[in-house]
Amino acid sequence: MFKHDPDLNQLIWQVVALIPPGKVATYGDVARQAGLAKAARRVGLALRQLPQGSKIPWHRVVNAQGRISLPDGTASQYTQRERLEAEGIVFRGNKSLDLRQYRWEPGGAE
DNA sequence: GTACTGACCAGAT
DNA sequence: CATCTGGCCAGTA
């Protein structure tokens, strides 16, 4: 197995790309699927380094609390929420969604 | 080499 | 529900 991959970002992006519409995944879940297990932070960095215009549905990635990690007032935060709603996801009163309902459950897909 | 930070997570109080 | 604590990995000073 590779120890330090130079393309962890790509790996993470690929996993994110596997998230089906209408569902979301937590940073920890993505990390686990990517084989990084405990590197949820690395996932956040990868998304932050994610270039604009990429086909990666980064908006389907939220934190373990079912909330958008991005700070309020930023375009990214607004965009993410709008996109999720467009996918059919409904937010609760404040900015949290029901992970029990929308969490992506990886199966035999890889 | 150490120290601090960050789109994090889980458990305890 | 709010706050704190320890852990995890990678980047930067």
Kindly give the heavy-atom pair with the smallest separation between [X] and [Y], and that separation in Å.
X       : Y       : value
A:Trp13 : A:Ile56 : O-CD1, 3.6 Å
A:Leu99 : A:Val24 : CD2-CG2, 3.9 Å
A:Ile89 : A:Leu97 : CG2-CD2, 3.8 Å

Tell me which residues in residues 81-90 of chain A lie within less than 4.0 Å of DNA chain B, going by non-hydrogen atoms.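 The answer is none.
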Please, which pairs that meet side chain to side chain donor-acceptor pair (under 3.5 Å) have at least one residue in residues 43-63 of chain A, sequence neighbours excluded?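 For residues 43-63 of chain A, and leaving out neighbouring residues, the side chain to side chain donor-acceptor pair (under 3.5 Å) pairs sorted by first residue read A:His59-A:Arg83, A:Arg60-A:Glu87, A:Asn63-A:Ser69.
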Check: What pairs of residues pass the side chain to side chain donor-acceptor pair (under 3.5 Å) test when at least one of them lies in residues 34-45 of chain A, not counting sequence neighbours?
Finding: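 Non-adjacent pairs meeting side chain to side chain donor-acceptor pair (under 3.5 Å): A:Asn9-A:Arg42.
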Would A:Val62 and A:Tyr102 count as a side-chain contact (heavy atoms from CB on, under 4.5 Å) here? Give the steps. CA-CA 11 Å; A:Val62 295; A:Tyr102 299 115; over 6 Å; no
* Taking only residues two or more places apart in sequence, or in another chain, which ones meet A:Arg103 in a salt bridge (charged side-chain N to carboxylate O under 4.0 Å, His left out)? ->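 Per chain and number, A:Arg103 pairs via salt bridge (charged side-chain N to carboxylate O under 4.0 Å, His left out) with A:Asp29.
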Protein heavy-atom contacts under 4.0 Å, written 5' to 3' over nucleotides 6-13 of chain B as B (base), S (sugar-phosphate only) or - (none), form the string BBBSS---
Pairs touching residues 62-73 of chain A that satisfy salt bridge (charged side-chain N to carboxylate O under 4.0 Å, His left out), sequence neighbours left out =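 Salt bridge (charged side-chain N to carboxylate O under 4.0 Å, His left out) check on residues 62-73 of chain A returns no pairs.
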Subject >> P spacing across the pair B:dA7 / C:dA13, given as an integer number of angstrom >> reply: 16 Å
